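Data first, discussion second: the structure below is written as structure tokens.
These values consider heavy atoms only, across backbone and side chains, with no hydrogens, waters or symmetry-generated copies. Just so you know, these numbers come straight off a predicted model, no measurement behind them.
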There are 2 protein chains.
Amino acid sequence: MRRPTLEAVAARAGVSRATASRVVNGQTTVAPHIRDAVLRAIDELGYVPNSAARSLVTQRTDSVALVVSEPGTRVFSEDPLFSTAIRSASVELEAINKQVVLMLASSPKSHARVERYIAGGHVDGVMLLSMHGADPLPSALSRLRVPVVSYGRPAVPVDIPYVDNDNVGGAEAGVRHLVETGRRRIATIAGPQDMIAGQDRLAGYRNVLRDSDRRSIVAVGDFTRESGAIAMRQLLGDDPGLDAVFVANDMMAVGALQSLRQAGRRVPDDVAVVGFDDVEAAKYTEPPLTTLRHPIAEQAAAMVRLLLNLFEGGPTEPIILPTELVIRESA
Amino acid sequence: MRRPTLEAVAARAGVSRATASRVVNGQTTVAPHIRDAVLRAIDELGYVPNSAARSLVTQRTDSVALVVSEPGTRVFSEDPLFSTAIRSASVELEAINKQVVLMLASSPKSHARVERYIAGGHVDGVMLLSMHGADPLPSALSRLRVPVVSYGRPAVPVDIPYVDNDNVGGAEAGVRHLVETGRRRIATIAGPQDMIAGQDRLAGYRNVLRDSDRRSIVAVGDFTRESGAIAMRQLLGDDPGLDAVFVANDMMAVGALQSLRQAGRRVPDDVAVVGFDDVEAAKYTEPPLTTLRHPIAEQAAAMVRLLLNLFEGGPTEPIILPTELVIRESA
DNA sequence: GTTATTTAAGAGAGCGATCTCTCAACGCGG
DNA sequence: CCGCGTTGAGAGATCGCTCTCTTAAATAAC
């Protein structure tokens, strides 16, 4: 009760295996009536090509790895970034008939596993979702001479194409909005400084404050809601007179709103709040959050294009997608 | 600059390909010094077995498909169920050295793609995340004679093992809690009735109400926040005197809380609210939500075990995991 | 009508592993 | 010293496909 092989199809259609193969692979050098006979045989037998055999000879697998290099729990739980990126990338890849092999690289041990797997030639290329600067994977994978693209600029200067959003520009736009609406003492809750997004958003904040002659007031969180709440309390302690805060991501902004409420500050009357990411929850906070939207889905699509270019020799410059200020009620 | 083959390893170690293969696959019938020589050769050449060649002869691929059969957007966005399940299943599968191939089946077209892929023998087994009753995939896949396990009881009576949480029992526990805390007029916002979870949770609600001699008041939502808000307004219109509502999932409960606030009802003083799922957000609502927790991660792990049993002939009865009432402030 | 050119289909050699079968070497009892 | 069981290693078939090379037939050219 084995699955039918190309041999069986050929026999049934009364042609050679080579001809059957031609039909399967859509070559045009087959006479119409023979082509039909083969197609009929395929249909009757329910033939499906064996992928192992095929990729053994073609040296292609038609699948790409989506490596999520991030400590386990954070990945999917709060932050919708990963899930959105994964979904979009999947959709895009399926559109070009590539399969997605999802790999989570959360520990050194799994890093090794991933490397071995990639080295094993299981996939034609790798899409790397890696946010932490210290991540050893970008350089490790680029050494394997496998096509790799990264989501988010790799922290170490390694020569792999990447897609990123304009973190610096986005932060600048957010802070500029606070300046333009007349805020005087603008604090920030920065993200972790071992992450590019954390660094760049803080840099954007500093740029604008420097240009507008204001003093910077910085607290650092780790992109979680709790850290945002803690950082906000700390900022209020440091400078009770602050009238605005730029928060490096929405989750922390939600925590900050909570602390502000507890401290009796009204938003935006007393303190204006700007977040970053425009997650779903930003619409439902009290008050709804003014934030910076970046098109995660488009970024994932761009990453797929980049990988395709890597296969086919197209342009592979990094792609930086713009962010957009979404003004709601918090600022 | 090709990758080294087993042949090369054998040549370098001065043995036959067969012996090299024995070493790679950890057979014990190789003399220690020869074994060492082969291992050294492997190390020096950086040999990694070619998976296509291997699975061509072994008929195994060591990867399993994780098929998410759900209309695109819903999957990852609001509902953390999918992301949590995917992550847990990945972790579990990686622990037993199986790769995860993620497939999204959102449209009839992609259904066909998934079926073809599975039929193509790319994977050893399938884990199906399917929530909708009308889903054609469970029966389609079970017909392919591929080991399949399902997350959530398949709506159509098809003979594939599954893992589910005790939706009926959980709903009963939630509603019973409302009864025991003295609530008289207990409404429900049910989930979509084309989903098992929607049906079963409503059934649980009805069971308890019947037994406690109360009248049921039902509105139906679609598991989204907005639908919860709308349903709540509708319930308040139908029966302004209701003093409790059992909501079939947390997202709808969040919407319901919003509508209750707008209607000037205090929670839990005027109206008690019980949700279902214990999502992250349930902790942060105003007031924090009393809800039913089910262990998604454990369910995913159980699903992996079930699949393993399917491979190896262990027991494959459906696994129903219990839910737990988490009492916070809303009820 | 013969030769040159195009087109369609077949023959057969791999791709890189696994695994059965075979055989050589060795130890040991009779 | 011979035969026999055991153990370790090699030979070679095989998995199912692709793709080059070859050949046969059909058409064109002169």
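- As rounded to whole Å, 17 Å separates atom P of C:dT7 from atom CZ of A:Arg35.
- Distance OH (A:Tyr47) to C1' (D:dT18): 10 Å, rounded to an integer number of Å.
- Checked by atom type, the side-chain pair A:Thr19/A:Ser16 shows a donor-acceptor distance below 3.5 Å.
- Between B:Gln27 and B:Ala52, the residue anchored nearer the 5' end of DNA chain C, judged by the nucleotide with its closest heavy atom, is B:Ala52.
- Between the CG atom in B:Leu6 and the CD1 atom in B:Ile42 there is a gap of 7.5 Å [rounded to 0.5 Å].
- In this structure, B:Gln59 places its CD atom 11 Å from P of C:dC19, rounding to the nearest Å.
- Note on B:Arg153 versus B:Asp164: no salt bridge recorded, every NZ/NE/NH1/NH2 to OD/OE distance being 4.0 Å or above.
- Listed by chain and number, the residues in a ring-ring contact (aromatic ring centres under 6.0 Å, His included) with A:Tyr162 amount to none (sequence neighbours excluded).
- Distance B:Leu56 CG to C:dC15 C1': 9 Å, rounded to the nearest Å.
- Rounded to whole Å, the distance from CZ on B:Arg60 to C1' on C:dT18 is 10 Å.
- End-to-end axis angle of the helix from C:dG1-D:dC30 to C:dG30-D:dC1, using five pairs per end and rounding to 10°, comes to 50°.
- The listed nucleotides are D:dC19, C:dT18, D:dG16; the one nearest the side chain of B:Thr58 is C:dT18.
- Here CD1 of A:Ile96 is found 7.5 Å from CZ of A:Phe311. Values are rounded to the nearest 0.5 Å.
- Dashed line: the shortest gap from a side-chain N or O of B:Asn25 to OP1 or OP2 of C:dT18 is under 4.0 Å.
- If you check the side chains of B:His122 and A:Gln99, you find no donor sitting under 3.5 Å from an acceptor.
- Between A:Arg60 and A:Asp124 there is no salt bridge, since no side-chain N of the basic residue sits under 4.0 Å from a carboxylate O of the acidic one.
- Of the inter-residue distances, the one linking A:Leu321 atom CG with A:His294 atom NE2 reads 10.5 Å to the nearest 0.5 angstrom.
- The distance from atom CZ of A:Arg54 to atom P of C:dA17 is 21 Å, rounded to the nearest whole Å.
- Between the C1' atom of D:dG16 and the CG atom of A:Leu45 lies a distance of 15 Å, rounded to the nearest Å.
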Using atom names, set out every protein N or O paired with an N or O of nucleotides 8-11 of chain D below 3.5 Å, distance rounded to 0.1 Å.
{"residue": "D:dA9", "atom": "OP2", "partner": "B:Ala31", "partner atom": "N", "Å": "2.9"}
{"residue": "D:dG10", "atom": "OP2", "partner": "B:Ser16", "partner atom": "N", "Å": "2.9"}
{"residue": "D:dG10", "atom": "OP2", "partner": "B:Ser16", "partner atom": "OG", "Å": "3.0"}
{"residue": "D:dG10", "atom": "OP2", "partner": "B:Thr19", "partner atom": "OG1", "Å": "2.5"}
{"residue": "D:dG10", "atom": "O6", "partner": "B:Arg22", "partner atom": "NH2", "Å": "2.7"}

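- Side-chain atoms of A:Asp135 and A:Ser69 form a donor-acceptor pair, as typed in the model, at a separation below 3.5 Å.
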